[in-house]
There are 2 protein chains.
Amino acid sequence: MVSAPLAAVRSGAPAKERLRLWIRILRASRLIEAVLRERLKTRFDTTLPRFDVLSALDRAPEGMAMSDISRFLLVSNGNVTGIVERLVTDGLASRTKRDGDRRTSIIKLTPQGKDAFAAMAEAHERWIDELLGNLPEDEARALAGTLKTFESNWEGGA
Amino acid sequence: MVSAPLAAVRSGAPAKERLRLWIRILRASRLIEAVLRERLKTRFDTTLPRFDVLSALDRAPEGMAMSDISRFLLVSNGNVTGIVERLVTDGLASRTKRDGDRRTSIIKLTPQGKDAFAAMAEAHERWIDELLGNLPEDEARALAGTLKTFESNWEGGA
DNA sequence: GTATGAAATTTTAAGGTTGAAATATATTCG
DNA sequence: CGAATATATTTCAACCTTAAAATTTCATAC
């Protein structure tokens with residue numbers, strides 16, 4: 001028996017299959033994002049990036065440094081500066097200096113920010129539920145598991 | 001026997017499961033996009049949006065209208081204007097008027113654009129192959145199938 | 001043929017995004 | 001201490017992105 005060519009030894013789907021999969025992932029997320037963006041705009045007069053930052057802050061009652069936010073959301077440092085700035089202007093977030101290190105800003109939700117986010121999060125969950133509604137439970141679970149593996153493989157990699 | 005509460009009649013995974021899945025999809029695509037963006041920048045001195053437009057044009061040898069491009073890429077009309085403008089400036093694309101309708105521009109790759117894209121596409125496929133390398137073939141196929149169903153459900157919807 | 005409305009595209013204003021340079025503060029170590 | 005180095009953040013220039021308004025051209029119906 002002749003051994004398989006080197007490329008075939010590689011585990012997993014062939015390259016073309018992976019490429020097609022990537023394009024599907026990309027299109028799916030863009031479609032969903034477009035819907036979310038539009039609804040956040042019309043119903044809450046806000047944007048997806050703002051929602052993302054609020055969402056990050058909401059899970060950190062003790063507050064987050066700017067760099068924590070950018071790392072968590074996978075966006076650049078400078079990006080977060082502008083978004084947080086507008087959230088602070090709108091009274092949804094606050095920035096304070098950390099004791100002992102004047103470089104670090106601690107960003108927190110204000111009570112108003114918490115309330116605003118709670119309303120958005122509730123709607124957001126309903127929207128996602130609607131958009132992914134056709135997905136059978138077992139597929140959802142399998143898909144989530146697969147993607148989780150990716151993430152842990154990539155973290156810190158690149 | 002008492003009938004199940006209305007919410008439980010809904011087919012598919014529960015809301016929280018779907019929400020988690022969506023967050024995973026989003027993070028996966030952002031992670032991949034970040035890698036692609038960085039590599040396109042360092043190795044080809046270009047951007048992801050430019051690559052996307054070149055990619056769309058490459059599959060249409062007879063050219064595309066501006067609105068075809070934006071529809072295909074799921075981005076706004078005005079967005080495409082700027083990107084194509086820069087591609088034309090760089091000599092990678094050309095715009096001509098269609099006979100009989102002076103509103104419509106036909107955008108095509110120049111020979112230089114075709115060559116440039118061919119090189120990028122080859123690298124791009126390798127990168128995706130590398131990034132999705134751990135994915136077993138059956139999971140890849142399942143995932144792609146699921147996502148395809150979504151897309152067809154959404155097309156025209158929203 | 002002229003007005004009316006539709007279609008393709010561009011322009012505009014506001015905001016998001018990046019990578020790199022600049023700024024400010026902390027830490028380390030000679 | 002003081003210099004060099006590292007860390008946290010902001011600023012900057014360039015580009016991307018959207019939604020909405022404006023422009024240009026076409027098609028249709030009087």
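Here is the naming used below: chain letters follow the sequence lines, and residue numbers restart at 1 for every chain. All values reported here derive from a predicted model rather than from experimental measurement.
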Walk along nucleotides 1-9 of chain C from 5' to 3' and tag each nucleotide B, S or - by protein heavy-atom contact under 4.0 Å, base first, then sugar-phosphate. -----BBSB
Spacing between [X] atom [atom1] and [N] atom [atom2], to the nearest angstrom:
| X | N | atom1 | atom2 | answer |
| --- | --- | --- | --- | --- |
| A/I83 | C/dG15 | CD1 | P | 12 Å |
| B/D52 | D/dC15 | CG | C1' | 14 Å |
| B/L40 | C/dT18 | CG | C1' | 14 Å |
| B/L73 | D/dT18 | CG | P | 10 Å |
| B/R39 | C/dT18 | CZ | P | 17 Å |
| A/L36 | D/dT17 | CG | C1' | 16 Å |
| A/N79 | C/dG15 | CG | C1' | 10 Å |

Quick check on D/dC26: is either OP1 or OP2 less than 4.0 Å from any side-chain nitrogen or oxygen of B/R102? yes
If the condition is side chain to side chain contact (heavy atoms under 4.5 Å, CB included), which residues does [X] pass it with, not counting sequence neighbours?
| X | value |
| --- | --- |
| B/T104 | B/A65, B/R98, B/D101, B/I106 |
| B/S76 | B/N79 |
| B/K16 | A/E125, B/R20 |
| A/R102 | none |

Closest listed nucleotide, where the reference is the side chain of A/E85 and the choices are D/dT17, D/dT11, C/dT17: D/dT11
Interatomic distance, OG1@B/T46 vs NZ@B/K41, rounded to 0.5 Å, equals 9.5 Å
Roughly how far apart are B/W22 CH2 and A/W127 CH2, rounded to 0.5 Å? 13.0 Å
With heavy atoms under 4.0 Å as the rule, sort A/R30 into base, sugar-phosphate or nothing. nothing
Mind checking B/G100 for me? I need base, sugar-phosphate or nothing, with any heavy atom below 4.0 Å counting as a touch. sugar-phosphate
If you pin A/R50 and B/A34 to their nearest nucleotides in DNA chain C, which one's is more 5'? A/R50
Pair up each side-chain donor or acceptor in residues 49-62 of chain B with any protein partner under 3.5 Å, not counting sequence neighbours, and list the distances.
from  : atom 1 : to    : atom 2 : distance (Å)
B/D52 : OD2    : A/R30 : NH2    : 3.3

